[in-house]
Amino acid sequence: MDGIWLSPHFDSPNADNGYDIRDYRKVMAEFGTMAAFDEMLKGIKQRHMKLLLDLVVNHTSDEHAWFVESRKAKDNPYRDYYIWRAGRDGNPPNNWSSFFSGSAWKQDPATGEYYLHLFAEKQPDLNWDNPKVRNEVYDLMKFWLDKGVDGFRMDVIPFISKDPAFPDYPKEYEGRVQYFYAAGPKVHDYIREMNREVLSQYDVMTVGEAFGVSLEQTPLLVDERRNELNMIFNFDAIRLGRQSWRLNPWTLPELKAVYTKLDQKLDAHNWGTVFLSNHDNPRVVSRFGDDSPQYRVASAKALATMLLTLKGTPFIYQGDELAMTNYPFTKIEDFNDIEVKNAWKAEVLTHQVTAEDYIASLRKTSRDNSRTPMQWDDSANGGFTTAPKAWLAVNPNSNEINAKQAVADPDSVYHYFQKLIALRKKTPALVYGDYKDLDPQHPSVFAYTRTLGALRYLVVLNLSSQAVTYLVPAGQKVGSVILSNLPGKESATSVLRLRPWDARVYRF
Ligand code: TEU
């Protein structure tokens, strides 16, 4: 790896697993001390890697000193650090909803006013229109950058600017409010100011979590001539078919269309990211592959080939290099995630959906699928802890799927990732080459080229559990195979016999 993005490690009551920060300059007790952080940073640098921290400044914890002060009284000097409004006829100020179920407003007994929280009640939104707040954020960023940190992944950064009139969101945003929340009037002013005040003064990388930003709008945040961010996460691919906690059918042509559209939007002044999983989404092999014993390894390798040969900076989520799978959740008590628990209360306990339906969907969509402890070996708790019980149950398949097994098995997904990364690092065309989807409508094959001058590569992926006889479009004869996830090498032909989850990189 070139770099590591660390989810929030700051002092937090963990209402939302660290995305609710109580003290930005203190390390979370569960993780250790500042000395341990410094030792880790030193070790990362010694290994010639970079460290990105998670910058969560759309909101804080309600236990942060600023909010403790702010809620005390309407004339408290910290009142304007957050967003307080009077109710409307005994109801919340407007129809804004929280991503974790219910209204985005909570009435506070101390003053009777409501405060805004787009996520949990324990995550009040900061008021970025207050220059004091912005300066506080810039100072805490400098605190970590002065320690030698190399950049930030920025949590829901498009949400930081709110329409000061706080109008109801129009009906067409039902179920997709992220696009309304990401359209605040001053988001670009504030990110450009952040760039001027902080980012431009350090050699850093930034990636924004742009939930609610369309592919078309991407250049507004990442075009280098705008001095905002280096890149963003678009969610069109990873959330394909998702409707809140439900997963509706989706097709491969729909997935492929995301990459073609993104490629069309990002000219030479722009750059993108490639990811199919993270801590907010289920395991990649279970979501986009086939995690059955027969095809788990092959499909994980095929998806890895896609991640490392598409255009954009690839992000690999911890454990996916082992092809860790979703967890066999059976009951609500199995879950830790506030998003799950709040929706249980809001939708199951109110009999809008049955517990069976809800739990069955969560086995496919819940964030906790990706949060089960890292599986290091086949000992108790997957070697994650010596305590009798881990904070979240370890996947029962940790005896077969673990780092020790993967490192020992030359044919493991882990070693295949290493080959892919080595290939990408010595093949500029796989990084900077032009991208072209050769067969956008094919229902199960993803075939695309990467071309840099005279250097041309073809990637052919059978993203299904069925064998396919594939005719390379326009009768082009494929060149020599430079990497494949399955034995056997077909070359110099235009008819490919693709086995289930067959993945091949050809040099034209
Ligand atoms: O996530 C924002 C976001 O996109 C998700 O919350 C998403 O709405 C939801 O998980 C869909 O299932 C960021 C962080 O990545 C997430 O972990 C935090 O919970 C959230 O912001 C609040 O900080």
Side-chain angles (χ1 to χ4, degrees), residues 5-10 12-22 24 28 52-64 67 96-102 104 116-126 128 137 152-160 173-182 207-214 232-248 273 275-284 287 315 317-318 326 329 335-344 346-347 358 361-371 392:
W5 151 27
L6 196 64
S7 268
H9 69 291
F10 312 95
S12 167
N14 277 305
D16 182 22
N17 286 295
Y19 283 91
D20 51 314
I21 299 172
R22 178 167 51 202
Y24 287 97
M28 187 191 294
L52 305 184
L53 297 187
D54 212 313
L55 184 70
V56 186
V57 288
N58 172 72
H59 46 266
T60 70
S61 164
D62 65 347
E63 297 182 25
H64 191 291
F67 191 73
W96 292 17
S97 57
S98 160
F99 288 101
F100 296 162
S101 301
L116 180 70
H117 60 88
L118 295 183
F119 293 90
E121 290 177 6
K122 285 185 70 59
Q123 291 169 299
D125 280 50
L126 282 168
W128 272 69
V137 170
F152 295 102
R153 174 266 186 189
M154 300 189 183
D155 193 59
V156 287
I157 200 71
F159 293 174
I160 60 178
Y173 284 100
E174 260 331 312
R176 48 191 298 279
V177 287
Q178 62 269 28
Y179 294 96
F180 178 84
Y181 295 153
V207 54
E209 185 206 21
F211 196 44
V213 171
S214 67
I232 62 171
F233 295 128
N234 297 95
F235 288 81
D236 297 58
I238 200 171
R239 291 185 66 84
L240 193 58
R242 285 289 301 273
Q243 189 203 337
S244 179
W245 46 264
R246 289 186 179 80
L247 180 60
N248 303 323
T273 58
F275 66 109
L276 286 172
S277 66
N278 63 18
H279 63 290
D280 286 335
N281 287 275
R283 285 278 170 196
V284 65
R287 169 79 159 93
F315 285 76
Y317 179 63
Q318 64 172 57
N326 280 359
F329 297 109
F335 293 91
N336 164 276
D337 183 8
I338 187 168
E339 186 174 15
V340 165
K341 292 177 175 172
N342 282 7
W344 171 268
E347 300 179 49
Y358 184 51
S361 270
L362 291 179
R363 275 198 290 276
K364 287 184 277 180
T365 63
S366 169
R367 310 194 287 180
D368 278 350
N369 281 301
S370 287
R371 298 175 177 201
L392 188 62

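For reference, positions follow the sequence shown, starting with 1. The structure presented is a predicted model; accordingly, all values stated were derived computationally and were not measured. Just so you know, ligand 1 is whichever comes first in the structure, and atom 1 is the first atom listed for that ligand.
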* Asked: For the ring pair Tyr19 and His279, is the centre-to-centre distance below 6.0 Å?
  -> yes
* Structure fact -> Taken in chain and number order and not counting sequence neighbours, the residues that satisfy salt bridge (Lys or Arg N to Asp or Glu O under 4.0 Å) with Glu347 are none
* Asked: Taking side chain as C-beta onward, heavy atoms only, is Val207 less than 4.5 Å from Phe315?
  -> yes
* Asked: Got a sec, which residues hit salt bridge (Lys or Arg N to Asp or Glu O under 4.0 Å) with Asp20, two or more places apart in sequence or on another chain?
  -> none
* **Partner of Phe180 under ring-ring contact (aromatic ring centres under 6.0 Å, His included), chosen from Phe159, Phe211, Tyr173** => Tyr173
* All salt bridge (Lys or Arg N to Asp or Glu O under 4.0 Å) counterparts of Arg287, not counting sequence neighbours -> none
* Structure fact -> Close residues (non-hydrogen atom under 4.0 angstrom from ligand 1) work out to Asp16, Tyr19, His59, Phe100, Phe119, Gln123, Arg153, Asp155, Val156, Glu209, Phe211, Arg239, Arg242, His279, Asp280, Glu339, Arg367, Arg371
